[in-house]
Novice: 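Take a look at this one; I'll ask things after.
Protein chains get the first letters and strands the later ones, always in sequence-line order, with residue 1 at the start of each.
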2 protein chains.
Amino acid sequence: METRRTSSSRERMIRAAYELFEQRGFEKTTVDDIAARAGVGRTTFFRAFATKEDVIFPDHDTLVASVRERLAAATPAAALVAVTEAARLVLLHYLAEGDLARSRYRLTSNVPALRAREISGQRQYQRTFHAFIRTWMTSASGEETDAGTALRAELMADAVVTAHNHVLRQWLRGRTTTPEVDFDAAMAAVVELFAPQPAAERPGPGETQVVVLRTQRDLDDVLPELKRVLEGGGSP
Amino acid sequence: METRRTSSSRERMIRAAYELFEQRGFEKTTVDDIAARAGVGRTTFFRAFATKEDVIFPDHDTLVASVRERLAAATPAAALVAVTEAARLVLLHYLAEGDLARSRYRLTSNVPALRAREISGQRQYQRTFHAFIRTWMTSASGEETDAGTALRAELMADAVVTAHNHVLRQWLRGRTTTPEVDFDAAMAAVVELFAPQPAAERPGPGETQVVVLRTQRDLDDVLPELKRVLEGGGSP
DNA sequence: ACCACGCTGGTACTGAGTACCATATGGGAG
DNA sequence: CTCCCATATGGTACTCAGTACCAGCGTGGT
């Protein structure tokens with residue numbers, strides 16, 4: 001099969017690149033070296049990978065696309081779980097890679113050019129999440145594009161990507177053996193940060209807001225203070 | 001003066017680069033072109049700027065250093081204002097640049113290589129803020145390195161940088177004429193997000209939490225509901 | 001047998017970035 | 001005034017990433 005041959009030579013180039021980068025280092029390895037070790041021509045390499053750096057992130061475009069698809073398939077009501085599941089998609093991919101992911105982490109940690117490339121790639125995830133969260137937030141909280149909402153969407157997209165990276169890095173460093181559990185916790189923290197109703201938000205005229213209290217003090221002790229606060233707020 | 005001559009030729013190279021990039025585009029402009037227009041040799045260009053991209057971000061290292069210094073000079077009690085002021089330092093720098101900043105924005109928006117470079121640069125700000133916020137948070141909330149705290153520090157550093165970029169971008173696009181006011185609002189939103197006591201945190205035994213309420217309803221109407229909620233919470 | 005098409009490898013070119021050397025300028029020591 | 005040293009500069013030659021182009025080769029269809 002042609003596709004199998006193509007895929008095979010592509011796989012060989014990836015393996016050759018990782019091996020050579022680990023042995024000689026990224027800068028000391030030329031594309032000719034990689035192509036020669038993979039048994040292909042230099043032209044073939046650049047047909048499969050646009051740049052020398054790209055061979056380190058072979059599944060990047062596929063992963064970003066799968067995230068986009070997962071988000072696109074979500075209903076507005078299930079937006080939060082869609083975000084979590086889309087991020088989990090990425091995490092599971094890296095977990096499945098195993099040693100390859102660890103090798104990549106070693107390279108990106110030591111080679112500035114590769115680190116820069118990785119950061120650019122992460123930005124693509126951020127943009128994807130941002131686009132989804134923005135439309136979700138603006139459609140959920142009125143038609144007008146609130147300035148605060150726009151910023152919140154951006155912040156939340158950042159938080160999702162950073163939380164994912166945080167857990168992944170912990171696993172790559174061998175700091176945890178339960179990355180999925182950590183991931184759930186991290187995403188829960190993110191969702192809590194950006195929960196639909198933050199406490200300090202002031203309600204508009206005509207709206208009512210009920211804030212849940214839990215206190216150790218006797219209710220009768222709290223009431224006068226509450227009353228004072230509420231009257232100070234300007235509402236009868 | 002030598003330093004003036006050096007500074008002058010550096011300025012000439014920067015101006016020449018911006019002009020040529022705007023005219024012919026980034027890829028169609030060679031380093032030789034820039035050097036020739038600036039009246040210097042190619043060697044001199046690479047002595048002043050490590051890469052062709054770097055000429056677009058001439059003050060980057062200086063800015064990052066000034067942020068680091070501002071943060072280093074902060075007392076733990078004034079950590080939040082230090083973060084805000086450090087970020088404002090960057091904003092004010094770009095505001096002072098004026099048209100140059102707009103020209104850079106145009107370039108980074110259209111040239112992928114320059115955009116990637118900019119993103120890497122922003123990551124340096126994020127790392128700087130992160131290092132500061134991490135030590136601040138861990139020293140403020142106990143000695144042990146809490147996993148949740150580590151993530152929170154990272155998220156907050158992201159938020160600071162993103163909030164700054166958000167406001168700056170609004171100004172670069174001509175969407176606002178009061179960037180400093182917007183900046184204060186954005187930073188306030190960030191600080192509120194990561195304020196020491198987020199609303200949804202459950203108080204430990206013996207602690208008391210008072211939540212500010214503003215409501216349009218009559219207080220007597222609200223009280224029964226509050227009482228019900230409080231008793232449902234398990235506290236007498 | 002012939003042709004059309006897709007994949008491949010080779011060659012030649014541009015241009016970024018590096019290494020090295022030669023020169024000028026400028027200031028200080030004698 | 002002259003010698004000397006340091007620093008900035010310009011030029012040359014080289015490596016290598018990335019691009020463009022062309023030629024071969026197998027496969028499949030007619």
Side-chain angles (χ1 to χ4, degrees), chain A residues 1-18 20-21 23-58 60-61 107-108 111-118 120-121, chain B residues 1-18 20-21 23-58 60-61 107-108 111-118 120-121:
Chain A
M1 280 295 217
E2 266 189 2
T3 51
R4 197 192 307 170
R5 263 186 65 94
T6 300
S7 161
S8 168
S9 72
R10 186 184 156 91
E11 299 289 333
R12 281 202 309 276
M13 287 189 277
I14 295 171
R15 279 214 308 146
Y18 271 89
L20 289 174
F21 289 166
Q23 291 172 13
R24 309 182 198 175
F26 178 76
E27 287 88 357
K28 309 293 288 183
T29 304
T30 71
V31 175
D32 284 287
D33 296 336
I34 303 171
R37 177 178 262 252
V40 297
R42 210 174 83 102
T43 309
T44 301
F45 179 90
F46 281 112
R47 278 203 193 89
F49 309 100
T51 71
K52 186 181 163 188
E53 287 96 12
D54 282 344
V55 72
I56 296 298
F57 312 100
H60 175 72
D61 290 338
L107 290 171
T108 54
V111 183
L114 292 178
R115 178 187 298 257
R117 197 73 173 193
E118 186 182 43
S120 298
Chain B
M1 282 295 217
E2 265 189 6
T3 48
R4 198 190 307 167
R5 265 188 64 96
T6 301
S7 162
S8 168
S9 71
R10 185 184 158 91
E11 300 289 332
R12 281 203 309 275
M13 286 189 280
I14 295 171
R15 279 214 306 148
Y18 271 89
L20 289 174
F21 290 166
Q23 290 172 13
R24 310 182 198 174
F26 178 77
E27 287 88 356
K28 309 294 289 182
T29 303
T30 72
V31 174
D32 285 286
D33 295 336
I34 303 171
R37 176 179 264 252
V40 298
R42 209 175 83 102
T43 311
T44 301
F45 179 89
F46 281 112
R47 277 201 193 91
F49 309 100
T51 72
K52 185 181 164 188
E53 287 96 12
D54 282 343
V55 73
I56 297 298
F57 312 100
H60 175 72
D61 291 338
L107 289 171
T108 54
V111 183
L114 292 178
R115 177 186 299 256
R117 197 72 173 194
E118 186 182 44
S120 298

Novice: Is any side-chain N or O of R42(B) under 3.5 Å from a base N or O of dG17(C), one able to act as donor and the other as acceptor?
Specialist: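 Side chain to base: pair present.
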Novice: Could you give the CD-to-C1' distance, from E27(A) to dA16(C), as a whole number of Å?
Specialist: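 E27(A) atom CD is separated from dA16(C) atom C1' by 15 Å.
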Novice: Within this structure, what is the CE-to-P distance between M13(A) and dC7(C), rounded to whole angstrom?
Specialist: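 Result: 13 Å.
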Novice: What is the distance, to the nearest angstrom, from the CZ atom on F45(A) to the C1' atom on dG9(C)?
Specialist: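 Between C1' of dG9(C) and CZ of F45(A): 16 Å.
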Novice: Between P on dG15(C) and NZ on K52(B), what's the gap in Å once rounded to a whole number?
Specialist: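 From K52(B) NZ to dG15(C) P: 9 Å.
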Novice: To the nearest 0.5 Å, tell me how far E27(A) CD sits from F21(A) CZ.
Specialist: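 Separation between the atoms: 9.0 Å.
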Novice: Picking from dG10(D), dT19(D), dT9(D), which would you name as closest to the side chain of F46(A)?
Specialist: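 Ranking dG10(D), dT19(D), dT9(D) by closest atom to the F46(A) side chain puts dT19(D) first.
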Novice: Nearest whole Å is fine: how far is dA13(D) C1' from D32(B) CG?
Specialist: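 The answer, rounded to whole Å, is 14 Å.
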Novice: Rounding to a whole Å, what distance do you find between E53(B):CD and dG15(C):C1'?
Specialist: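 The answer, rounded to whole Å, is 13 Å.
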Novice: Would you say the side chain of T44(B) and the base of dG10(D) hold a donor-acceptor pair, judged only by whether the two atoms sit under 3.5 Å apart?
Specialist: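 Checked by distance alone, the answer is no.
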Novice: Given atom CD1 of I34(A) and atom P of dC16(D), what is their separation to the nearest angstrom?
Specialist: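 Atom-to-atom, I34(A) to dC16(D), this comes out as 12 Å.
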Novice: Of T43(A) and K28(A), whose nearest nucleotide on DNA chain D comes first from the 5' end?
Specialist: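 Comparing both residues, the 5'-ward one is K28(A).
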Novice: Could you give the CZ-to-P distance, from F21(A) to dA17(D), as a whole number of Å?
Specialist: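 So the CZ-P distance, F21(A) to dA17(D), works out to 9 Å.
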Novice: Which of these, F49(B), Y18(B), F45(B), sits in a side-chain contact (heavy atoms from CB on, under 4.5 Å) with I34(B)?
Specialist: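 Only one of F49(B), Y18(B), F45(B) forms a side-chain contact (heavy atoms from CB on, under 4.5 Å) with I34(B), namely F45(B).
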Novice: Both R47(B) and T51(B) contact DNA chain C. Which one's nearest nucleotide lies toward the 5' end?
Specialist: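 The 5'-side residue here is T51(B).
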Novice: Kindly compute the distance separating CZ (F57(B)) from CG (L107(B)), expressed to the nearest 0.5 Å.
Specialist: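 Spacing of CZ (F57(B)) from CG (L107(B)) equals 8.5 Å.
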Novice: Just wondering, more than 12 heavy atoms not from R15(A) lying within 6.0 Å of its CZ?
Specialist: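 No.
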